[in-house]
There are 2 protein chains.
Amino acid sequence: MKILIVEDEPKTGEYLRQGLSEAGFVVDLAQDGTDGLHLALQGEYDLVILDVMLPGLDGWQVLQSLRRRGLQMPVLFLTARDQVEDRVKGLELGADDYLVKPFSFAELLARVRTILRRGRSGNESTVLRVADLELDLLRRRVSRGGRRISLTAKEFGLLELLMRRHGEVLPRSLIASQVWDMNFDSDTNVIEVAIRRLRAKIDDGHEVKLIHTVRGMGYVLEAPEEH
Amino acid sequence: MKILIVEDEPKTGEYLRQGLSEAGFVVDLAQDGTDGLHLALQGEYDLVILDVMLPGLDGWQVLQSLRRRGLQMPVLFLTARDQVEDRVKGLELGADDYLVKPFSFAELLARVRTILRRGRSGNESTVLRVADLELDLLRRRVSRGGRRISLTAKEFGLLELLMRRHGEVLPRSLIASQVWDMNFDSDTNVIEVAIRRLRAKIDDGHEVKLIHTVRGMGYVLEAPEEH
DNA sequence: GCACCCTCATGAAAATACTGATCGTCGAAG
DNA sequence: CTTCGACGATCAGTATTTTCATGAGGGTGC
């Protein structure tokens, strides 16, 4: 899950980035409306968190531009205490929720999780399952065949992506941009290495392998066909 | 399921009413203690949410009157962060649980559901248990394996959070916002230090450790897997 | 003065990235 | 059908970076 934060105050922005990334999200941070809009237009975010008070292009203009260009990702906006009209305006423009500053990080996290869950048609569960492999998003735990497996943060993020889109072949460039915050830089093999480590934990010692390489295309996680 | 909210601040009350009714509860709202008590005495509520700071008849008096007249419905009360005595007092008077302001709506909802699920079960509800570790909210005491452990206020608050959400990995920023009132402060390591002190009291000298670090993600309290 | 809780500095450990070598697989050509 | 070449995948070992634990020092409030 990838989140864009648009917040001009560096300290707040940095803190939000840090906190959300501990909570398992991939986070980009833009310092003003123009940059924010630019990034958001790439369309690769699952959620945008938008401060309304921004120098230059303000929060509504960003939101408006996004919606006008057909981008439908959820938007959570941050507004000042007594600006009640703000929230009405924001919701009219198509925001999904708002938070009044100052807010607690716990509150933000709860909202973010609610919004992201909402999209997935009623699936209240925090557990992803493929065959006998389970990944619990909230507890941040993974198990296969009931046996607990401990993963590092990157491994967890990678597996989460593979499981969310299981059955789908994911190109390396996609993996690079979702799990790492990099645009594919061909002279590194971080991904191969990460896949290898993940395989060691997930597939080694199991008859049925779940992670498969698709030559020239990428990787896919799926339970093999029955015969 | 019918809930009564007693809250004098209109904005908060309205917010709670709205949220809970969206969640599928039937909700009544009283603006002061007298009205609240009056409504509650009709005895048709499954839960009462009670702000302790009320003009006129305060939360305690309402709670006390209810219990004295034999009404046993669960009561969840709302208290300020620094009023530790309030929490004890409330539990002593027969409330079922409390929530510290400011809280997130998600938190409230979770607490409400827990209380309604378990029904009214008196003082048992004031003790949190994980493995051989016990935390008594009412007496503000902690023990492990029957041996008493004395904690400071911060340590107690931290442990309470960890125990309430045991099994869940808690990001530092979440901990910071819940236990401290630090919402956007990143350059501090209070949490590491507090965890260390807590570990010294909870885990040192025990074979099974309950507090675990999850690198890059946060901390979790849980009993290790059995094999 | 005594708890308590914060900050700071430092070292250790873990996670991650990089390097370069080897291995496998696929397709083209014989 | 077989062989060979090339590209990508895999792997181990090492370097680097990030994160965490820890002990000490100092301030604050009761």
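Letters A, B, ... mirror the listed sequences (proteins, then strands); counts begin at 1.
Spacing between atom NZ of Lys201(B) and atom C1' of dC5(C) amounts to 11 Å, rounded to whole angstrom units. Protein atom NE2 of His212(A) is 16 Å distant from nucleotide atom C1' of dA9(D), rounded to whole Å. Here the P atom of nucleotide dC20(D) and the CG atom of Leu198(B) are 17 Å apart, to the nearest Å.
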Report all interatomic pairs (protein N or O, nucleotide N or O of nucleotides 11-16 of chain C) with separations under 3.5 Å.
from	atom 1	to	atom 2	distance (Å)
dA13(C)	N3	Arg215(B)	NH2	3.4
dT16(C)	OP1	Lys154(A)	N	3.2
dT16(C)	OP2	Thr152(A)	OG1	2.4

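The residue from Asp51(B), Val6(B), Val48(B), Val52(B) that alone fulfils the side-chain contact (heavy atoms from CB on, under 4.5 Å) condition with Phe77(B) is Val52(B).
Phe103(A) CZ to Ser104(B) OG: the interatomic distance, rounded to the nearest 0.5 Å, is 13.0 Å. The CD atom of Gln178(B) sits 9.5 Å away from atom CD of Glu107(A), with the distance rounded to the nearest 0.5 Å.
Map Gly218(A) and Gln18(A) each onto its nearest nucleotide of DNA chain D; the residue landing nearer the 5' end is Gly218(A).
For Trp180(B), there are no ring-ring contact (aromatic ring centres under 6.0 Å, His included) partners two or more places apart in sequence or in a different chain.
Between Ile49(A) and Leu99(A) the shortest side-chain heavy-atom distance does not fall below 4.5 Å. With contacts defined as side-chain heavy-atom distances shorter than 4.5 Å, the pair Leu170(A)/Leu221(A) does not qualify. In this structure the side chain of Tyr45(A) reaches within 4.5 angstrom of the side chain of Asp28(A), judged on heavy atoms. Put simply, the side chain of Val26(A) does not reach to within 4.5 Å of the side chain of Val179(A), judged on heavy atoms.
Annotation: the terminal axes of the helix from dG1(C)-dC30(D) to dG30(C)-dC1(D) meet at 30°, where each axis is the rotation carrying the C1' atoms of four end pairs onto the next four (5 pairs per end, rounded to 10°).
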Scan the side chains in residues 154-163 of chain B for donor-acceptor partners under 3.5 Å anywhere in the protein, sequence neighbours excluded, and list what turns up.
from	atom 1	to	atom 2	distance (Å)
Glu155(B)	OE1	Thr152(B)	N	2.8
Glu155(B)	OE1	Thr152(B)	OG1	3.3
Glu155(B)	OE1	Lys201(B)	NZ	2.8
Glu155(B)	OE2	Arg197(B)	NE	3.4
Glu160(B)	OE1	Tyr98(B)	OH	3.2
Glu160(B)	OE2	Tyr98(B)	OH	2.9
Glu160(B)	OE2	Arg164(B)	NE	3.2
Glu160(B)	OE2	Arg164(B)	NH2	3.1

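For residues 15-27 of chain A, the set of pairs meeting the salt bridge (Lys or Arg N to Asp or Glu O under 4.0 Å) definition, not counting sequence neighbours, comprises Glu14(A)-Arg17(A), Glu22(A)-Arg172(B).
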Treating primed atoms plus P, OP1 and OP2 as sugar-phosphate and everything else as base, which nucleotides of nucleotides 21-26 of chain D get B, S or - for protein heavy atoms under 4.0 Å?
SBS---
